[in-house]
Chemist: 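First the structure, then my questions, so here it is.
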There are 2 protein chains.
Amino acid sequence: MAQDGARSGTQSIERAFAILRLVAANSPRGLRLTDLTREMGLPASTLHRILKTLQDGGLIERSREGRRYIIGSELTLLGLSSPMRHFRELASGTLRSLSDQVGDAVFLSVRSDADTVCVDRKIGDFPIQVLSIEIGSRRPLGISANGAAMLSRMTTGKAAAILDQNADRLQSFGVERAVLMERIAAGRTLGYVQIRHAIVEGTSALAVPILDVLGQPVAAISTIAIAWRQPDHRIPLLIGLLQAAAAEISTALIEDATRRR
Amino acid sequence: MAQDGARSGTQSIERAFAILRLVAANSPRGLRLTDLTREMGLPASTLHRILKTLQDGGLIERSREGRRYIIGSELTLLGLSSPMRHFRELASGTLRSLSDQVGDAVFLSVRSDADTVCVDRKIGDFPIQVLSIEIGSRRPLGISANGAAMLSRMTTGKAAAILDQNADRLQSFGVERAVLMERIAAGRTLGYVQIRHAIVEGTSALAVPILDVLGQPVAAISTIAIAWRQPDHRIPLLIGLLQAAAAEISTALIEDATRRR
DNA sequence: ACGAGACTTCCATCATGTGGGAACCCTCGA
DNA sequence: TCGAGGGTTCCCACATGATGGAAGTCTCGT
């Protein structure tokens, strides 16, 4: 039953986290007990015991419609203490003005191991907005434009390793590995990633990575719109704006890190 | 060794959460391993093992100066999925304009079991600001003006029970239970709580509770300033502003809850 | 350079968490 | 009204995951 070989001595705690990540990955709908048994391959009684503990601690709650498990308030409260909150705030202004300039929705995602998490999004003033993803949503690294942008700044080996790690989940999202590899390769040479027909038919996405002080891609920003808002001749302008915003966030990030040493 | 009688079958997970809460309560400084052994009464080896797991999961990190444990990015990311995030956002505008009106720092706290957690704060334009508490800070319910405000809207029995639960921690903050009881009783009749010489000598705080649809105090807002900014003749004005803001947030909260049923 | 206190690792031991089974309850759709 | 699928609670034998004492390593301050 142990899929990882590590005898770390903290099985139940690790299971609890795995549950939290799964629940977050299915936000905001939430997951039923049955879903969790399927996903985690554990008996319902074991899961139920852990879930009850998580619920007592306020780390998960039950949605009122379905009796689905969703992320609880306590996690937000705990998360307010983390330096990551400052990252969100430090990027907020840049993101806002980027959205004002492009007129379409913009998204900021960070990497979390082999996932991307959307940490913020701003809506532009153009009447049609493509709101592909909620704040807090967790996706396998690679499927979103932001994910591909981050992968395009890693070594090919590292990128491939992450795609391997996500293989089954990518499949369940109906994404071909070869398509991703190609997209990443293109991103590597161009410096940005473009996806036509991103989430929904007729939409288009552009993304650029955000680098930390070591040059590692820790985050990415993207803009998504209906396809004709991103014609070829407008790409250079949009990419320029995205890259300027990415550089601004990257600089602020590095300054912030050094300031608090 | 078991301080609670419940044989719940999830000892290690509960310990992990207790650690997270303790670390959050000592944000942003963080805690050393020794601090945790003292606070939790567990051997260092056991704590170390759990801490390593929490660290591997990104739920805690090490601060670079001291090797102190602090809340990790992953908790922020998980917390973005919770409905509690909406509460923060829905209150943000009200809080901003409240701060603009009073000119001093204002604080929004929510209740988390027997704690208060500061979820947001805004700074006014008066040149001297009393920034008593960081966003994310967790304190035993009762010591802050916001805490007292919440207690003043509970039954005396419930309030007393919470103070009992927090007895030891209140002591370590150097707060007399009798003083709190008096403060709460005053709050009950007046409808607001005032604390002279709040955190630091020469400061003053005012707080009012925020009620949910059932009339339960789920949050509170306060303003803190140097004492002469809150002279007696200005109290009615300030309380009026605080209560208006509290009502606004309460209404938004209830609307939001019904909208998503 | 030294010592004390803090941190980390090891490992024998056993309490803790596990998971199968089964009964019961609840909700929803037919 | 009924049935089916899910959710919840209980029990218990088992083994293994978690425990914590002890010993080793690191990191300060003096």
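Only a predicted model underlies this, so the values are computations on that prediction, with no experimental measurement involved. The sequence lines fix the lettering, A, B, ..., with proteins before strands; numbering per chain opens at 1.
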Chemist: Does B:D164 pair with B:R177 as a salt bridge, N-O distance under 4.0 Å?
Modeler: yes
Chemist: Rounded off to whole Å, could you give me the CG-to-P distance for the B:D56 and C:dT8 pair?
Modeler: 12 Å
Chemist: Expressed in angstrom and rounded to an integer, what is the separation of B:I50 atom CD1 from C:dT9 atom P?
Modeler: 16 Å
Chemist: Provide, to the nearest angstrom, the distance between the CG atom belonging to B:L54 and the C1' atom belonging to D:dA18.
Modeler: 14 Å
Chemist: Let me know the distance between CG of A:L51 and P of C:dG19, rounded to the nearest Å.
Modeler: 13 Å
Chemist: OP1 or OP2 of C:dT18 sitting under 4.0 Å from any side-chain N/O of A:Q11?
Modeler: yes
Chemist: Look up atom CZ in B:R111 and atom CE in B:M154, then write down how far apart they are to the nearest 0.5 Å.
Modeler: 4.0 Å
Chemist: B:Y69 ring centre to B:R62 NZ or CZ under 6.0 Å, with the angle to the axis within 45°?
Modeler: yes
Chemist: To the nearest 10°, let me know how far the axis at one end of the helix from C:dA1-D:dT30 to C:dA30-D:dT1 is tilted from the axis at the other, five pairs an end.
Modeler: 60°
Chemist: Roughly, in whole Å, what's the span from CD1 in A:I13 to P in C:dG17?
Modeler: 9 Å
Chemist: Provide, to the nearest angstrom, the distance between the CG atom belonging to B:L36 and the C1' atom belonging to C:dG5.
Modeler: 16 Å
Chemist: Would you name the heavy atoms of B:P28 and B:I70 that are closest together and state the gap between them?
Modeler: O-CG2, 4.0 Å
Chemist: Check every strand shown and say whether B:S12 touches a base, only sugar-phosphate, or nothing at a heavy-atom separation below 4.0 Å.
Modeler: sugar-phosphate
Chemist: Nearest-Å distance, CG (B:L42) to P (C:dC7)?
Modeler: 15 Å
Chemist: For A:D113 and A:L141: C-alpha separation, side-chain torsions, deciding distance, then whether side chain to side chain contact (heavy atoms under 4.5 Å, CB included) applies.
Modeler: CA-CA 8 Å; A:D113 191 30; A:L141 185 50; over 6 Å; no
Chemist: Strictly by modelled atom types, are A:N26 and A:R29 linked by a side-chain donor-acceptor pair under 3.5 Å?
Modeler: no
Chemist: How many Å lie between CG on B:L31 and C1' on C:dC7, as a whole number?
Modeler: 15 Å
Chemist: Quiz question: by atom type and distance under 3.5 Å, do the side chains of B:E74 and A:S112 form a donor-acceptor pair?
Modeler: yes
Chemist: Would you tabulate the pairs of protein nitrogen or oxygen atoms and nucleotide nitrogen or oxygen atoms of nucleotides 5-11 of chain D closer than 3.5 angstrom?
Modeler:
unit_1 : atom_1 : unit_2 : atom_2 : d
D:dG6  : O3'    : A:T34  : OG1    : 3.3
D:dG7  : OP1    : A:L33  : N      : 3.3
D:dG7  : OP2    : A:T34  : N      : 2.8
D:dG7  : OP2    : A:T34  : OG1    : 2.2
D:dT8  : OP1    : A:R62  : NH1    : 2.9
D:dT8  : OP1    : A:R62  : NH2    : 3.3
D:dT8  : OP2    : A:H48  : NE2    : 3.4
D:dT8  : OP2    : A:Y69  : OH     : 3.1
D:dT8  : O5'    : A:H48  : NE2    : 3.3

Chemist: Can you see if the side chain of B:R49 gets near the phosphate of C:dC10 - specifically, an N or O under 4.0 Å from OP1 or OP2?
Modeler: no
Chemist: Starting from the C-alpha separation in whole Å, work towards a yes-or-no answer on side chain to side chain contact (heavy atoms under 4.5 Å, CB included) for B:R68 and B:E61.
Modeler: CA-CA 8 Å; B:R68 285 163 178 276; B:E61 294 166 9; over 6 Å; no
Chemist: Hey, is A:E39 close enough to A:R15 for a salt bridge, meaning N to O under 4.0 Å?
Modeler: no
